[in-house]
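Mind having a look at this structure? Questions to follow.
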Amino acid sequence: VRLLRAGKLDDAEKVFLAALAADRRDRDAWLALARLNEQRGNLAQAARCLWHAWRLRPEEMPVLSRLGWTLVRAGDLARAATVYSDIIKRNPANLTNHIVLSVIEGERGNGPHSRHIFENGVRRNPIEMSHSLSPSPLRVLRLFGVNNASYVMRRRQEGRPSYHLRGGNFSTEHLWDARRFEGIDYHVLHGNLAESELEMPIDVVVNTIADPDVEAESLRTVASYAERHPDIPLINDPRRVLETSRDSNYRRLAGMVRFAKTFRLEIAGEWQAALADLVRREGLSFPMIVREPGTHTGRTTALARTLDATVAHIRSFEGAEAYVIEYVNQPYREDLFRKMRVFFIDGRIYPVVHHIDRVWNVHGGNRREVMAKTPWMMETEQAFLADPEAHIGADAFRRLAALHDLVGLDFFGADFTVTDAGEILIYEMNPAMRHSFDHAHAFPYLRPHLQRITSAFRAMIAARAEAAGPRDGDIIKR
């Protein structure tokens with residue numbers, strides 16, 4: 001093992017193989033050889049070694065779990081599914097194992113089976129725990145809506161697989177502080193939280209459910225829980241999140257800022273005639289934007305130039321509704337487009353990015369192709385990050401800041417630009433925005449500003465807990 005730790009893999013391998021030649025039941029040698037093969041990247045061989053080690057003590061779950069995940073990393077999903085099915089039979093109350101198996105089956109194309117596994121796990125036990133390094137951590141109840149959201153595989157740049165919750169919730173991956181917070185992660189499904197009481201003290205509740213178009217039922221469930229526990233500090237009131245759909249924002253932002261006309265269309269019955277009537281009645285003109293509610297990153301968004309094109313695009317939607325949105329043509333420097341993003345955290349504004357692109361549907365995916373090769377674009381972004389009020393103007397910044405009181409949330413984001421007339425034009429405004437450091441490597445000047453967002457969110461959690469005082473009686477029973 002010392003040779004392995006020293007990186008002398010060939011010498012270590014000779015020692016382990018000699019030990020196994022002397023005794024094929026040397027479990028420690030099998031485990032060490034598995035670790036060696038993992039370091040070499042030979043995951044299939046590592047899994048074989050783990051299998052031999054597990055066979056020697058089949059009652060030990062840690063080795064079986066390690067075998068299952070090694071098979072996932074190796075891409076051997078069929079065998080990984082077999083292993084995790086066995087793990088669940090042995091420990092049916094562990095939600096994490098249900099999540100991993102559901103992710104595996106989803107990757108294998110078994111969508112309905114994947115969903116069945118996940119929901120069955122949540123019904124057995126909706127809670128996962130994430131423990132803290134602190135001897136006296138803050139106990140944070142994180143709420144995730146999963147009536148429609150699901151866990152999916154994510155492969156990072158180095159090729160190592162992981163999984164994440166997709167849809168309906170904002171990610172706390174870069175907002176969380178494992179050194180200070182103990183996470184009690186509750187998956188809200190079909191009203192379960194409304195019927196539960198937690199059997200552990202809670203300092204703060206963080207409602208990550210962020211998209212009413214995806215998780216409205218979950219938000220109503222959390223609202224019921226909040227009404228029963230008004231004394232527990234709650235970050236992001238679910239009743240206010242319910243008001244952040246695109247069509248709701250259009251209705252309530254009138255007179256404060258510019259928000260493109262946005263209408264919800266039910267895709268049922270004579271919906272084509274209803275669409276034509278909507279276009280005529282509301283004075284919409286082509287081109288106009290069409291997108292499916294509950295989707296992000298422009299995945300279902302199109303700029304339709306005719307009514308027939310609008311109908312054709314809507315027919316590709318999987319859901320039962322469509323957003324029909326006025327297209328406000330607002331170029332930047334004649335032939336470019338821009339989108340600024342800010343986060344509102346505990347009432348304060350934190351600048352995130354100033355994207356500039358050649359296409360109207362501005363997203364960060366083009367930064368390396370456009371902004372990274374254009375110094376003045378990066379200089380413009382740095383100016384915005386350093387002083388957003390000076391960059392967009394005091395009057396525009398005042399109107400932007402006033403959105404906090406209207407929205408009434410502790411954490412949310414706004415994507416916007418400033419028109420030639422000096423108006424704030426909001427593209428999107430809700431908590432369903434991901435905070436990440438994805439672009440910080442290519443654009444290192446982003447990092448300190450992104451870190452301020454992380455720090456501000458963590459400080460908000462700590463401040464809410466401190467303001468509420470010591471707690472020892474708030475419990476959840478499953």
Side-chain angles (χ1 to χ4, degrees), residues 1-108 110 114 117 120-121 124-125 127-133 135 151 153-164 178-179 182-183:
V1 174
R2 287 194 298 271
L3 291 171
L4 188 60
R5 290 173 178 169
K8 297 179 179 179
L9 302 187
D10 291 341
D11 292 340
E13 184 178 36
K14 292 176 183 177
V15 172
F16 302 148
L17 291 175
L20 290 170
D23 181 5
R24 295 284 292 178
R25 297 182 63 81
D26 188 336
R27 181 173 176 273
D28 290 338
W30 282 118
L31 290 173
L33 195 58
R35 181 178 169 190
L36 181 148
N37 279 288
E38 286 175 338
Q39 290 188 23
R40 285 177 168 169
N42 190 346
L43 297 175
Q45 186 65 18
R48 178 176 174 272
C49 295
L50 288 169
W51 182 81
H52 281 290
W54 170 71
R55 288 279 301 226
L56 294 169
R57 293 185 192 171
E59 74 282 358
E60 290 197 5
M61 292 292 290
V63 175
L64 188 60
S65 296
R66 184 177 163 192
L67 169 60
W69 190 246
T70 301
L71 288 167
V72 172
R73 291 178 59 197
D76 192 346
L77 298 184
R79 287 188 173 90
T82 299
V83 170
Y84 274 101
S85 295
D86 188 28
I87 291 172
I88 288 172
K89 289 177 182 177
R90 294 162 179 256
N91 186 7
N94 184 295
L95 176 58
T96 300
N97 294 326
H98 284 85
I99 290 174
V100 174
L101 183 55
S102 74
V103 169
I104 292 169
E105 293 296 354
E107 279 289 291
R108 298 178 70 198
N110 302 325
S114 167
I117 292 166
N120 187 50
R124 288 176 179 271
N125 173 22
I127 296 173
E128 286 188 294
M129 297 292 297
S130 58
H131 297 287
S132 170
L133 302 176
Y151 284 91
M153 190 75 79
R154 174 174 61 190
R155 297 191 181 277
R156 299 186 183 278
Q157 288 183 350
E158 62 270 25
R160 296 176 67 90
S162 63
Y163 56 88
H164 69 111
R179 296 168 300 176
E182 180 176 78

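Residues take their numbers from the sequence shown, with the count starting at 1. Hydrogens, waters and symmetry mates play no part in the numbers below; they use all other heavy atoms, side chains included. Please read these numbers as outputs of a predicted model, since none were measured by experiment.
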Determine, for D10 against K14, whether the closest basic-nitrogen to carboxylate-oxygen distance falls under 4.0 angstrom.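 Salt bridge flag = no for K14 with D10.
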
Check the orientation of W30 and H52. Use parallel for under 30°, tilted for 30 to 60°, and perpendicular for over 60°.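 It falls in the parallel class, under 30°.
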
Minimum heavy-atom separation for P161 and W69, please, with both atom names.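 Reported closest heavy-atom pair: O-CZ2, 3.4 Å.
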
Which atoms form the tightest heavy-atom contact between F16 and A29, and what is the distance?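 Nearest pair, atom of F16 first, then A29: O-CB, 4.2 Å.
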
Any salt bridge between R108 and E105, counting N to O under 4.0 Å?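 Yes.
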
Report, as yes or no, whether the 6.0 Å neighbourhood of atom CZ on R27 holds more than 12 heavy atoms from other residues, nucleotides or ligands.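 Correct, the count exceeds 12.
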
Got a second to check how far N97's CG is from I87's CD1, nearest 0.5 Å?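 Interatomic distance, N97 CG to I87 CD1, rounded to 0.5 Å: 5.0 Å.
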
Within the 4.5 Å heavy-atom criterion, are R90 and D86 side-chain neighbours or not?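 The answer is yes; the side chains approach within 4.5 Å.
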
If we only count heavy atoms from C-beta on, is the V72 to E107 side-chain gap below 4.5 Å?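 No, every pair of side-chain atoms sits at 4.5 Å or beyond.
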
How far does CD1 of I99 sit from CD1 of I104, to the nearest 0.5 angstrom?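 CD1 of I104 is found 12.0 Å from CD1 of I99.
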
Rounded at 0.5 Å granularity, tell me how far CD in Q45 sits from CG in L50.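 Result: 10.5 Å between the selected atoms.
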
Could you report the tightest heavy-atom contact between N125 and A93, atom names first, then the distance?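 Reported closest heavy-atom pair: ND2-O, 2.9 Å.
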
Grab the two heavy atoms, one from R24 and one from L56, that are nearest each other, plus how far apart they are.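 Shortest heavy-atom separation between R24 and L56 comes out as O-CD1, 4.4 Å.
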
Taking every non-hydrogen atom, the tightest pair across G68 and A80: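 Heavy atoms of G68 and A80 come nearest at O-CB, 3.8 Å.
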
Should we count CZ of R25 as having more than 12 external heavy atoms under 6.0 Å?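 Atom CZ in R25 is not crowded, with 12 or fewer foreign heavy atoms closer than 6.0 Å.
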
With a cut-off of 6.0 Å (strictly less than), are more than 12 heavy atoms of other residues, nucleotides or ligands near CZ of R40?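 More than 12 heavy atoms, drawn from other residues, nucleotides or ligands, come within 6.0 Å of this atom.
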
S114 to G106 - nearest heavy-atom pair and separation: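 That would be CB-N, 3.6 Å.
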
Could you measure the distance from the CG atom of L95 to the CG atom of N120? Nearest 0.5 Å is fine.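 Between L95 CG and N120 CG, I get 10.5 Å after rounding to 0.5 Å.
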
Option from L67, T70, V100 for which side-chain contact (heavy atoms from CB on, under 4.5 Å) with V83 holds: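 The option that passes is L67.
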
